[in-house]
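A short write-up of the structure that comes next.
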Amino acid sequence: MTRMNKKSLLWKGLLLGAVFGVAGAVALSSDTTPVKAKSERIDPTIEEMIKQARGLQKVGRWEAAADILTQLANDGHPVALFHLGRAYKNGWGVEADLDQSRLIFMEAVRYSFAFRGETAYELGRLFQRSSGEHCAEIALQWFLKSLEWDYPKAHVQLAKHYERGIGAERDLNAAFHHYEQAAIAGYPSSTINYARILLTGRYGLTPDPDRARFWAERAITGLEQKARDGSASSAKTLGRIYRDGEFMAADRSLAKDWFLRSANLGDAGAMHDLALMLLTGAADEEKTAEALKWLRLAATAEHGGALTALARLHLKRKHGLEPDAAVTLLERGVAVGHPGAMQELARLFAEGGLVLQDRQKAIELARKGADRGHQGSTSLLEKLLQEDEANLTVIEKSVQSVADKKEG
């Protein structure tokens with residue numbers, strides 16, 4: 001057994017009680033507050049060890065950092081738990097494991113400590129990526145807790161939830177409040193989303209180009225500053241703006257530069273976007289190899305879009321890839337809540353071949369994707385239901401015909 005796997009088993013044993021105690025309460029009610037917050041122990045030696053682990057992470061010595069954090073986390077130090085949870089989420093020195101990450105964050109959030117609000121935010125993000133029946137509602141509750149515990153980045157996710165009606169009724173007034181608060185707090189990626197709504201007049205609103213440009217200019221300036229300071233997320237957003245030509249002329253060269261900067265900083269979404277950009281147009285052998293490298297790295301980090309995109313390449317036998325590997329990739333995509341993976345896996349179950357045909361499973365997966373507002377899943381669900389209705393009608397007519405003949 002590898003050292004990495006030993007750590008994983010150790011954590012599953014240590015935190016099993018916390019999972020049943022805290023996660024179970026979360027799943028059964030909207031109250032995500034632990035019964036009683038435990039106090040953080042302040043110890044200069046421990047603080048120095050955590051500082052050492054963080055320093056090792058910054059120079060790429062991920063496994064050495066994970067060893068220190070695991071040692072401290074096993075002794076119940078919340079800051080170490082927080083950083084170890086992030087390590088499992090991102091695959092920093094340990095194998096990426098979102099379930100493991102959630103277990104560790106669940107233990108950390110029971111403490112009253114400096115990163116408690118951010119820990120609640122990370123839990124919200126993990127529940128967003130889960131496909132359980134109530135995960136969206138639970139994610140929303142964690143973001144509300146995060147805000148209550150003074151972590152303003154929660155405004156970013158709350159704006160999305162209320163805008164799209166995820167885990168709550170759609171509430172545009174609440175969404176716009178959170179968008180503007182996110183802008184004031186210095187989260188330009190959220191501000192650019194707000195500018196898009198104002199520009200396009202989404203949801204039946206009257207377009208407001210002047211106000212959209214005001215927020216867009218403010219956001220782009222902030223994004224550029226944050227990206228140059230090392231923000232992978234900001235660099236990714238700039239890549240998308242330049243790729244799509246939003247609020248400015250499209251520039252694929254600049255888009256690629258920003259995506260590459262973000263990908264090199266470890267952002268799986270940027271890896272995915274960069275890979276797709278490299279694969280479009282006249283992609284030569286060198287570009288294809290680079291694209292597949294980034295797509296596989298993003299898939300290793302359990303990025304739902306990358307898992308689905310890679311699976312689709314396997315299904316189409318592109319670039320020498322074989323279809324058999326697609327099923328596992330799609331199952332992983334479904335596990336992290338990606339609706340595109342739900343659609344593709346549903347189609348495979350409907351058709352049979354790579355998996356045993358199971359139309360009920362196909363309908364369940366398509367419905368999950370449709371519930372997330374995914375158009376492809378919605379169309380597939382409608383098609384499957386129509387086919388089943390037509391088949392049922394044929395069977396009913398056949399049975400009736402047999403009955404009529406017997407009566408005759």
Side-chain angles (χ1 to χ4, degrees), residues 5 90-91 95-99 128-132 243 259 263 267-388 390-391:
N5 288 336
N90 296 298
E95 186 175 349
D97 186 333
L98 300 186
D99 290 333
Q128 278 181 334
R129 297 174 69 177
S130 300
S131 56
R243 177 195 64 193
F259 281 143
D267 190 286
M271 295 175 193
H272 165 260
D273 289 357
L274 177 59
L276 296 189
M277 175 176 277
L278 291 169
L279 287 172
T280 57
D284 56 29
E285 189 173 332
E286 185 178 345
K287 280 186 179 179
T288 298
E290 185 183 0
L292 291 175
K293 176 195 79 172
W294 286 117
L295 202 55
R296 286 173 176 134
L297 283 171
T300 299
E302 300 302 304
H303 184 273
L307 288 162
T308 305
L310 191 56
R312 285 171 173 158
L313 293 177
H314 277 276
L315 290 171
K316 294 175 182 177
R317 297 179 182 273
K318 290 284 189 74
H319 316 300
L321 302 175
E322 293 297 326
D324 290 349
V327 175
T328 299
L329 290 166
L330 291 174
E331 288 172 342
R332 288 163 59 195
V334 169
V336 298
H338 192 265
M342 295 170 189
Q343 176 200 356
E344 293 294 344
L345 193 56
R347 185 175 60 80
L348 293 183
F349 275 110
E351 295 173 353
L354 289 176
V355 294
L356 289 175
Q357 189 176 44
D358 186 337
R359 291 190 65 84
Q360 186 57 43
K361 182 70 173 176
I363 289 170
E364 289 173 5
L365 283 165
R367 183 169 281 120
K368 275 187 178 181
D371 288 344
R372 291 171 178 260
H374 186 250
Q375 189 56 51
S377 297
T378 302
S379 299
L380 178 60
L381 178 62
E382 291 172 355
K383 178 185 174 185
L384 292 172
L385 292 175
Q386 287 170 1
E387 288 174 351
D388 281 4
N391 290 336

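The figures that follow rest on heavy atoms only: side chains count, while hydrogens, waters and symmetry mates do not.
Partners of Leu385 under the side chain to side chain contact (heavy atoms under 4.5 Å, CB included) rule, at least two apart in sequence or in another chain, are Ile363, Arg367, Leu381. Under the rule for a side chain to side chain contact (heavy atoms under 4.5 Å, CB included), the partners of Glu351 that lie at least two apart in sequence or sit in another chain are Arg347. Applying the side chain to side chain contact (heavy atoms under 4.5 Å, CB included) test to Glu322 and every residue at least two apart in sequence or in another chain returns Arg317. Residues satisfying the side chain to side chain contact (heavy atoms under 4.5 Å, CB included) test with His303, not counting sequence neighbours, are Ala268, His272, Ala298, Ala306. Residues passing the salt bridge (Lys or Arg N to Asp or Glu O under 4.0 Å) test with Asp273, sequence neighbours excluded: Arg240, Arg243.
Here the shortest heavy-atom pairing between Pro323 and Leu354 reads O-CD1, 3.8 Å. Considering every non-hydrogen atom in both Ala362 and Ala350, the closest pair reads CB-N, 3.7 Å. The minimum heavy-atom distance between Phe259 and Ala270, with the atom names listed, is O-CB, 3.8 Å. Among all heavy-atom pairs drawn from Thr308 and His338, the shortest one is OG1-ND1, 3.0 Å.
Side-chain contact between Leu279 and His319 is present, with at least one heavy-atom pair separated by less than 4.5 Å. Contact of the Leu330 side chain with the Leu307 side chain is not registered, since no non-hydrogen atoms from C-beta on lie closer than 4.5 Å. Side-chain contact check for Val327 versus Glu331: some heavy-atom pair is nearer than 4.5 Å.
Note that CE of Met271 is 14.5 Å distant from CZ of Arg296, once rounded to the nearest 0.5 Å. To the nearest 0.5 Å, atoms CG (Leu365) and CG (Asp358) are separated by 9.0 Å. To the nearest 0.5 Å, atom OG1 of residue Thr288 and atom CG of residue Leu295 are 11.5 Å apart. Put simply, CZ on Phe349 and CD on Gln357 are 11.0 Å apart, with the number rounded to the nearest 0.5 Å. How far OG1 of Thr328 is from CG of Leu310: 11.5 Å, rounded to the nearest 0.5 Å. Note that NZ of Lys361 and CG of Leu356 are 13.0 Å apart. Values are rounded to the nearest 0.5 Å.
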Residue pair Glu302, Arg129: steps toward the salt bridge (charged side-chain N to carboxylate O under 4.0 Å, His left out) verdict: CA-CA 10 Å; Glu302 300 302 304; Arg129 297 174 69 177; over 6 Å; no

Show me the side-chain donor-acceptor pairs of residues 372-380 shorter than 3.5 Å, one per line, residues at least two apart or across chains.
from, atom 1, to, atom 2, distance (Å)
Arg372, NH1, Gly337, O, 3.3
Arg372, NH2, Ser130, O, 2.6
His374, ND1, Ser377, N, 3.0
His374, ND1, Ser377, OG, 2.9
Gln375, NE2, Ser379, OG, 3.4
Ser377, OG, Pro339, O, 3.3
Thr378, OG1, His374, O, 2.8
Ser379, OG, Gln375, O, 3.1

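Lys316 NZ: 12 or fewer foreign heavy atoms inside a 6.0 Å radius.
At distances below 3.5 Å, not a single donor-acceptor pair connects side-chain atoms of Arg312 with backbone N or O atoms of Glu344.
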